[in-house]
Peer 1: 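Below is the structure I would like to discuss, written out as structure tokens.
First listed ligand is number 1; within each ligand, the first listed atom is number 1.
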Amino acid sequence: LNIPEGHPRYRSLMIREALVRGLDEGLVGRAGLIAHGRGEAFDYMFGEKTNDFAMDAIIASAASLLLARHPVISVNGNVAALVRKETVTLSRLIPADIEVNLFYWTKDREQNIVRAFKKECPECIIHTQGNEKMIPGPTSERSRVSLEGILDADVVLVPLEDGDRVEYLSACNKRTIAVDLNPFSRTAKNADITIVDNVVRAFPALIEEVEKIREMSRAQLRELSKFDNRLNLERAIGLLKGRI
Ligand code: ATP
Ligand code: MG
């Protein structure tokens, strides 16, 4: 597909193209395309930009990731297709592990995603869905986590997550950072920090923020990491109310 750059929906169409390519490459699950549609609708209403409330969440996230003993970035097919390079950059900068976690899990898709990340980052250790059940576990495949990865993590970045898993990760005393354009979702409500923004903008902004604050003292980082997620989601919902 050839999309002219001047097309008013250029960027949005390019994101769709990246997902369709990801589907053809065996990275994205078919349902991932539908999940994207829900996000896209919210993105349209939020003005397709990183709003103030998202930026505040990004700052708190950057600080939390830098303070973590063992931070892990959980990736699914959509993340692999949309922000693979940025995920690797983040993982090197913080540094943080990467773990593949799929709702519609197949060995094939898991391996395709691992291979795609390895190509981008040969030295990266990419954890996969192990057999260690989280307690109390969601019933989906997503409850399986890696012993050396998410099970041991204290801070988990979970972009485009399902609500169940965030709830259980929190129950396991892990600090959860979600990227979700839907401020009403269970994911958004259950996470400690929710970045209400498109992951294609949120990840580059997070990289920039980590670079900016990484030399700060732990005391300063702790100050930046303080966050009231409920209040922040209210700001996002407030913007929607205003626009409607
Ligand atoms: P739940 O209440 O279980 O959290 P949900 O609406 O979040 O439900 P999910 O299956 O978790 O349903 O759907 C994925 C979520 O990811 C959607 O809420 C959607 O808004 C969000 N999303 C999809 N694509 C993007 C994207 N590119 N950037 C940010 N968020 C996205
Ligand atoms: Mg969700």
Peer 1: Look at the N, O or S atoms of Thr187, main chain and side chain alike, and state whether any lies under 2.8 Å from the Mg ion (ligand 2).
Peer 2: yes
Peer 1: Can you tell me which portion of Glu161 lies within the under-4.0 Å heavy-atom range of ligand 1? Options are side chain, backbone, both, or neither.
Peer 2: backbone
Peer 1: How about Phe184: does its CZ atom have over 12 heavy atoms from other parts shown lying under 6.0 Å from it?
Peer 2: yes
Peer 1: Within a 6.0 Å radius of atom CD1 on Ile125, are there more than 12 heavy atoms belonging to other residues, nucleotides or ligands?
Peer 2: no
Peer 1: Considering Ala191, Ser185, Ala202, Ala81, which one's heavy-atom position lies nearest to atom 7 (O) of ligand 1?
Peer 2: Ser185
Peer 1: Considering Lys189, Glu167, Arg38, which one's heavy-atom position lies nearest to atom 10 (O) of ligand 1?
Peer 2: Arg38
Peer 1: Does the distance from a Lys or Arg side-chain N to an Asp or Glu carboxylate O, for Asp152 and Arg69, drop under 4.0 Å?
Peer 2: yes
Peer 1: Output the list of atoms in ligand 1 that are nearer than 4.0 Å to some heavy atom of Asp162, sorted by atom number.
Peer 2: 11 (O)
Peer 1: I need the nearest protein heavy-atom contact for atom 27 (N) of ligand 1: residue, atom name and distance, please.
Peer 2: Asn198 OD1, 2.9 Å
Peer 1: Examine Asp164 against ligand 1 and note whether any of their N/O atoms are separated by less than 3.5 Å.
Peer 2: no
Peer 1: Would you tell me whether Arg109 and Asn112 have side-chain atoms, one donor and one acceptor, within less than 3.5 Å of each other?
Peer 2: no
Peer 1: Does Asp197 reach ligand 1, in the sense of a heavy atom lying below 4.0 Å from it?
Peer 2: yes
Peer 1: Can you tell me which N/O/S atom of Glu161 has the shortest distance to the Mg ion (ligand 2)?
Peer 2: O
Peer 1: Tell me the nearest of Asp180, Ile15, Val166 to atom 17 (C) of ligand 1, using heavy-atom distances.
Peer 2: Asp180
Peer 1: Under a 4.0 Å threshold between the charged nitrogen and the carboxylate oxygen, would Arg11 count as salt-bridged to Asp43?
Peer 2: no
Peer 1: Do the charged groups of Lys226 and Glu223 touch, with an N to O distance under 4.0 Å?
Peer 2: yes
Peer 1: Check ligand 1 against Gly39 and write out every atom of the ligand that is under 4.0 Å from a heavy-atom position of the residue.
Peer 2: 19 (C), 20 (O), 22 (N), 23 (C)
Peer 1: Check whether more than 12 heavy atoms from other residues, nucleotides or ligands sit under 6.0 Å from atom NZ of Lys212, and answer yes or no.
Peer 2: no
Peer 1: To which protein heavy atom is atom 23 (C) of ligand 1 closest, and what is the distance rounded to 0.1 Å?
Peer 2: Ala35 O, 3.3 Å
Peer 1: Among all protein non-hydrogen atoms, which one is nearest to atom 2 (O) of ligand 1, and what is the separation to 0.1 Å?
Peer 2: Arg186 N, 2.7 Å
Peer 1: Heavy-atom contacts with Gly163 under 4.0 Å: which atoms of ligand 1 show up? List them by number with element.
Peer 2: 1 (P), 3 (O), 4 (O)
Peer 1: Using a strict cut-off of less than 4.0 Å between a Lys/Arg side-chain nitrogen and an Asp/Glu carboxylate oxygen, indicate whether Glu123 and Arg92 qualify as a salt bridge.
Peer 2: yes
Peer 1: Do Arg175 and Ser225 have side-chain N/O donor and acceptor atoms under 3.5 Å apart?
Peer 2: no
Peer 1: Of all heavy-atom pairs between Asp52 and Arg235, which one has the smallest distance, and what is that distance?
Peer 2: CB-NH2, 3.6 Å
Peer 1: Quick one: does Leu160 get an N or O within less than 3.5 Å of an N or O on ligand 1?
Peer 2: no
Peer 1: Is it true that Arg115 and Glu25 make a salt bridge, defined as a side-chain N closer than 4.0 Å to a carboxylate O?
Peer 2: no
Peer 1: Would Leu181 count as a polar contact of ligand 1, with the cut-off being nitrogen or oxygen pairs under 3.5 Å?
Peer 2: yes
Peer 1: Among all protein heavy atoms, pick out the one at the shortest distance from atom 28 (N) of ligand 1; state its residue, atom name and that distance to 0.1 Å.
Peer 2: Val199 N, 3.0 Å
Peer 1: Mark up the atoms of ligand 1 that fall under 4.0 Å of a heavy atom belonging to His36, in ascending order.
Peer 2: 23 (C), 24 (N), 27 (N)
Peer 1: State whether the number of non-hydrogen atoms from other residues, nucleotides or ligands found under 6.0 Å of Glu48 atom CD is greater than 12.
Peer 2: yes
Peer 1: Could you tell me the residue and atom name of the protein heavy atom closest to atom 4 (O) of ligand 1, and the distance to it rounded to 0.1 Å?
Peer 2: Thr187 OG1, 2.6 Å
